[in-house]
S.K.: 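Before I ask anything, let me first share the structure, which is written out below as structure tokens.
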Amino acid sequence: MITFLQLVINGLALGAAYALVALGFVFIVNATGAVNFAHGDLVMAGGYAAVGLGSLAQIPAVYFLPLVAVIMFVLGVALALLAYFPLINRPPSTVFISTLLCGIILQNAFVVLFGPQAHAAPPLLKSGVAHFGEIEISVQAIGTMVVAAILIASQYLLFTRTQIGRRLRATAEDRQMAQAVGIPAFALIAATFGLGTALAGIAGALLANQFFVYPTGGIPLSVYAYIAVVIGGWGSIAGAVIGAMIISLFQVVVSAYVSYAAATGLLYVTLLLIFVVRPQGIFGERVQRRA
Amino acid sequence: MSGLLEIDKLCVWYGPVFALKDATLSVGSGEAVALIGANGAGKSTLFKSIVGFLRPKSGALRFLDRDVTGLRTEQRIRLGVGYSPEGRRVFPGLTVRENLEVAVFAGKAERARRVDRAFSLFPQLATRQEALGWQLSGGQQQMLAIGRALMGQPRLLLLDEPSLGLSPKLADEVLAGIRGIVKDGTSVLLAEQNVGKALACCDRAYVLEVGKIVLAGTAAALRDTEEVKRAFLGG
Amino acid sequence: MKNSALSTSWRDGRQWRYGSAVMLGLSLVALSSGLARSADAYLPIVMPITGFLSVEGGSQRNGAVMALEHAPGGKTIDYPVFDTGTSATGAATALDKALSNGKPIAAAVSVFGTEMVAMMPVAAEYKVPLLTISGLAKITESDNPYIFRFLPNDREIKVAHARYVVEKLKKTKIALISDTTAYGQGGFALLKEDFTKLGVKPVYEDSSIAPDTKDMSPLLAKVKASGADAIVVHSVAAPMALIVKQAKAAGITLPIINSSSIVEPTATALFEPAELKDVCAETPSAPETRATPKIKEWADAYKTRFGLEPDGLALGQYDGVMMALTLIAKGAKTPEDLRAALQKETYEGVAMTYKSNGKGDLSHDAEIVCWDGTSRIPKVVEHYAGPDMVLK
Amino acid sequence: MLSWFLSGIRLPLVLATAALAADALFFANPYDMRILTLCGIYALLVLGFQFVFGHAGAVSLAQATFFGIGGYITGIVATHFGAGFLVTFPLSIAGPVLLAVVVGVPVLKLEEHYFSLATLGIGLVVLLLAIQWSDITGGTNGLPGIPSIDLAGLVLSDRRSVLYFVWGLVIVGCLISYQVTRGLYGQAFHLMREDRVAASALGLNIAHLRFAAFILSAAYGGAAGALMAHVIHVVSPENLDLALMVTCLTMTVIGGRTRIAGAILGAILIVHLREWFRVLENYYMIAYGLAALSVLILAPYGLVGAIERLRAMLFGRSPGPKPPSVSEQAPQAAPAGHYDHILAAENVTLAFGGVRALDGVSFTLRDGEIVGLIGPNGSGKTTLLNVISGLYVCDQGQVTFRGRDITGAPAHLISRRGIARTFQHIHLVDDLSALDNIALARAGIDGAGLLKAISTVGHDRLLERARRIAMAAAERLGITSVVMEPCGGLPYGTRRRVEVARAIATGPALVLLDEPAAGLNEQEQLDLAERIKTFAADGITVVVVEHNLVFLAALAERLICLDRGKVIAAGLPDAVRRDPAVIEAYLGLGASEPIPIAAGAP
């Protein structure tokens, strides 16, 4: 029997997956201020990397996850070189559009390389379901939650407690001035795109087992990441996690009582209502301007 | 004379208009040098060329006997240049402490030591350590910008209009602090509107007019020059 | 992206006209397009080669190409491929380009109902017959005389789907589920109608599953709570696969009877064989089962030619184009000749015998296939044809 | 007339248009005509999107939604009720406009990413409705059978007449866009987009401008969607979806965000780009993406911007003639009845995160006096100006201007009542000429509005008058020699004077100058002081925030000194300077001599 508790657990598991997706997005936001609308497509790229590596060696994903991260890091740096650095002095909306175009390029590269159909990647450890009394939860979902928790905590600590995190934030706020205090801003930005993309790749490798990977599968993920980061509060990591959970709770828990369509509609309506009440998101935007 | 900073015939153009033409100047070790001139004379342009925000069209730029024209901004800074820009440009979303910390390239203990020293230099900042950059008043931001520029223990400190927007008292304090900074072994290149004050705290000075250096000499000598008196000292 | 506005052919050099013209300041200098063609006939292929239906479009194109490569009567056919980009606007434009370009005798066109709806006015304008395998019921129910369909009308095939569930499996408490795609919504409405006619009212209905839905547990919870004894799904591949997999993982043992998209080899590849136990599906034909020698011969040839397992879509389109080519070989010279011949002739194809019902539906056969949990290749368990597929 | 054609890139545009028209008239086959018709429809869509994205600077993701709603209204009304084009078309425009009106008020308050996401959310809700409400919308399969355009019995059944009709509407759309953007109203958008703070301080109602842009974009989107429904004869959810939005965005960026020619060029190019790259089959969208990305990178202002720059490079650019230097004073803002003090601040208090930036500030100003506001850094001087001019709302206290309570009033209303200001950091639009920067002072005050802009025939009188007033203000500040230069290239001190001129051009009763002499040498400072005195002579009250006591000594009749948010001294300059509290807080004890005064006025 699928109980309410089971649904909540499933919601949290999906939320962890979405949080993982949002994490790379918020990473790039925090370090460059750029909205990377190719993010969902990069998640798919990670999924395809896992599919490709999985088809070469029939082993659990945990063994080649680091390799996925490395491949994706390189892809991220390439993205920065193609879609970010040439536009670095232009308004933010320009980067929004350039990453959108990169997303289109990626989606179609997937079709060329893997075909338009869905693929499934190998599981992190093993497929199957773990039982906790009445509650069932797939091993993959547990793995996703654990990986998400570790990466969320690491990113939070990175940005708030470490020198490199402070430098990333400084670079996001005023790149030229960051250089003028000695910070190698361009290298940091490239590394940021690399790391953010690696995070996307890990998310993709984990999601591609349960939920498949297909060329257009990244578009809703970009939208979810964007929603999560905005409802949570621009650049707030905790906010992004909560935003991701809100999305998944609508998709999994609310939709147990109303139709999927109604749940989706309610999600967007809730989003708009949050904007009316708190135009700066739940956790607010930290930096304001003085006139 | 082999100075700390040697600039030779530097030319900088903004599109079709030149901002600096054949600027030649030097700053030696342990010197405070003033750049004086009206607005638009090219003082900020010169600073931006030194730190590498602007790319000169021609001319040489040497720091510590090394040609730095090919170096990126952060490389020049790491060689020992501190830069406090016009308009402060503190990092608005970082706390006061973080603003200082990001500029230190050294171990944790050393980082804490340098931050503490900045706080002792500007006690006002110490009381607002956890405030975010944007929340500070203009004067506090100016102190933070200067403190931040000193974090790398530079050989040369570039101060672009540090008294802009400061009260006379604070401006005096800041300019008076320059002597102390020089005494600690950091050379200073100062751009300042208030010529009287600038000449009072510097050893030498260059006078810029429409992108060209028109006068150079010791501060004392320049103070007595008729042209300087007429143009800048209101007398 | 799928909203490509337009479409063109790689054989057609006129694009350079625009290229050079825009370089010269946007003046689109005209250049005559009436290049003489040496082929006996011109039969363009207008299909979703890119976009979310490109698997289906690709199969369909392969089927058409295979027929055109072996045109009977020694005819040579010119058959450029025009991509629709899986979009209605794109399809209308692509067909427009295909038909404006020479003297087409017919066109092999999209599997996608939404695209068909947009192409139909264009076909009527040019008066050229369209050979399709799109299942959308209404395309042959709107009195457009240029539409010829070589897979069963969804209205018919859904009868087979529903009858199998009710009459063979004897299920009466049905959970009826579809996604929100055009395919899903169309099938859902027909199935609901058919179940009602069979005297069964579904105990649970849901047609709001977005194709990117990830977690199906709320759906499965609602299905369980409804006390259903069978799950009937009409959906595209990815959500259908998630429903089946997650139901199995949650220990739901109800039989699941799907629409044909799960029969696609690319869809079955998403499953472990065990996950397909007690799963069935309708399909117009199942060449991958190689049920008859004729089908086996064709399926092997297809695999040799394209390196892929064939599917019902490829076979349907092959038969359809081959029927048209046979009629051309027999003397149909103009689109109007061909239209008249398609209306009245009977054709013995690889999969079945094709004969128009007067509205442009030529195919009236369907199979039900099931998996036994040991292999990804299903077995045919039931065959429906002609009158079996009409409910009063 | 000839010079109109020769300016900018109009000549090549006219030639290109002629070539296109010739192609459509003489050479096009039915397919070509369909393509050109689609180009026209997309051009309309993009023209609309330019208002909100280009002119208002807001990345709306709802343009496809407006397009889709327009299409659905046409589809539903035409197929369910059999209404003709003359009924469906206005309804298709009205529907999206209605949606924009309803959602516009809350959504337009949001900034940047929040606005984008909110518009995306609205689009997704509408898409969901179109899919789920299948009885009316036909669900995902859409509504087929939409008839051709008929104009009260005249049915446009052939491609050619549809093509002409659509492009006729495109021309109407271009004309409206031209009307909206060519004059003072259009420049108001420019200022609002570049600098919101300055815009509201100049009396521009930003909410109104954004709202107008949003409504216009909805109207164009609806019109384009309706036409598409008639041309394709079917409307389906793809008319609403994100992919179409991406296409629209790409067209706008590639063509040029604010240029009418850009909308047309972007639409034509993107529609054809896809055509050319189809040769590459599965690789074509990759090539398309790379090509679009290249244009985005290489042509920052879109292709039209690139062509304009190329032309400027080849043929140089002429700054255009100066307007006649007819001295027209800015009309004074009308007083609001009887009052004792032009401005009275009472117990004004404002805290930022626990720090009291203003702590019970009270003072009054008389008509026509010049008051210096001094105090150490962080004492609250600029904050006080921000409260008076409405950029900040104080927590407690009251500000009365000419007998009217203006506490908490929005900045643009305060500006329109007669308070003008300058800023500590310069707020000018770099790529507009100094003259137009100054002229913008009139946009809010003179009520340049959408309907007025659209219905203006011939020269925009508002703009001409604003430029004359601007010229007069420039004369008062002694900057007439540079007024035709773009502001970005002017020296710092000159730009400060442009700001002062702009403040004066609003015709204020009270001017707040925030460090107007910063960056000026002493000669220039004295010159500026003399000029400011003439304002007072005209009855304008002036408040000057300044550290430079030399400058103030030559100027101010009274000084007010703030320290830590409180008024610690107020009165005649000499008295304030000698006030022990002032010396302690500001001038510094033990200063060997009172430096500021010693340098002295000449």
Side-chain angles (χ1 to χ4, degrees), chain C residues 1-10 12 14-16 18-19 21-22 24-33 49-50 54 81-83 85-89 92-93 96-101 113-114 117-118 120-122 125-126 136 138 142 180-186 189 207-208 210, chain D residues 12-13 15-20 22-24 26-32 34-36 38-39 42 128 131-132 134 139-142 144-145 228 231-239 241-244 246-247 264-265 268-272 274-282 284-285 288-289:
Chain C
M1 304 302 292
K2 63 179 195 283
N3 75 318
S4 50
L6 320 154
S7 201
T8 188
S9 145
W10 54 278
D12 183 341
R14 277 189 315 166
Q15 52 270 20
W16 303 116
Y18 290 105
V22 169
L24 291 171
L26 271 186
S27 52
L28 304 177
V29 178
L31 193 148
S32 159
S33 62
I49 308 301
T50 62
S54 49
V81 179
F82 296 79
D83 177 28
T86 317
S87 128
T89 316
T93 313
D96 201 331
K97 171 147 201 182
L99 299 186
S100 70
N101 194 23
T114 309
V117 170
M120 285 161 56
V122 181
E125 196 181 332
Y126 284 91
L136 183 65
K138 67 182 166 197
S142 59
T180 58
T181 63
Y183 175 72
Q185 282 192 341
S207 60
S208 74
Chain D
L13 275 182
L15 292 178
T17 309
L20 257 179
D23 183 57
F26 304 115
F27 302 110
N29 68 18
Y31 161 73
D32 297 332
R34 177 190 281 272
I35 294 287
L36 288 174
L38 292 182
C39 289
Y42 284 120
L128 212 57
I131 290 172
Q132 293 296 322
S134 51
T140 318
N141 271 314
M228 185 65 98
V231 168
I232 302 294
H233 301 297
V234 53
V235 54
S236 67
E238 74 180 48
N239 295 39
D241 76 5
L242 197 57
L244 178 66
V246 172
T247 306
I264 295 169
L265 184 60
I268 291 179
L269 193 71
I270 291 295
V271 166
H272 285 95
R274 294 190 174 200
E275 288 293 286
W276 305 330
F277 288 140
R278 298 256 174 191
V279 188
L280 305 171
E281 295 214 335
N282 253 326
Y284 87 93
M285 282 300 289
Y288 163 79

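Protein chains get the first letters and strands the later ones, always in sequence-line order, with residue 1 at the start of each.
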S.K.: For the residue pair D:Tyr31 and C:Tyr126, what are the closest heavy atoms and their distance?
M.R.: N-OH, 4.3 Å
S.K.: To the nearest 0.5 angstrom, please state how far the CG atom of D:Leu128 sits from the OG atom of C:Ser208.
M.R.: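 It is 8.5 Å, given to the nearest 0.5 Å.
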S.K.: Do D:Glu238 side-chain atoms and C:Thr89 backbone N/O form a donor-acceptor pair below 3.5 Å?
M.R.: yes
S.K.: Return the minimal non-hydrogen interatomic distance between C:Thr180 and D:Gln132, and the atom names on each side.
M.R.: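 Result for this residue pair: CG2-NE2, 3.3 Å.
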S.K.: Would you say the side chain of C:Gln185 lies within less than 4.5 Å of the side chain of D:Ile131, judging by non-hydrogen atoms?
M.R.: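 When only atoms from C-beta onward are counted, C:Gln185 and D:Ile131 do touch, with a gap below 4.5 Å.
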S.K.: To the closest 0.5 Å, what do you measure between CG (C:Asp96) and CD1 (D:Ile35)?
M.R.: 8.0 Å
S.K.: Would you say that C:Lys138 contacts D:Pro144 through its side chain, given a criterion of any heavy-atom pair below 4.5 Å between the two side chains?
M.R.: yes
S.K.: Check each atom of C:Tyr183 against the heavy atoms of chain D and say whether the ones under 4.5 Å are side chain, backbone, both or neither.
M.R.: neither
S.K.: Measure distances from C:Leu99 to the heavy atoms of chain D and classify the residue's part below 4.5 Å as side chain, backbone, both or neither.
M.R.: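 C:Leu99 has no heavy atom closer than 4.5 Å to chain D.
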S.K.: Which heavy atom of D:Asn141 sits nearest to which heavy atom of C:Leu136, and what is that distance?
M.R.: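 Reported closest heavy-atom pair: ND2-CD1, 3.3 Å.
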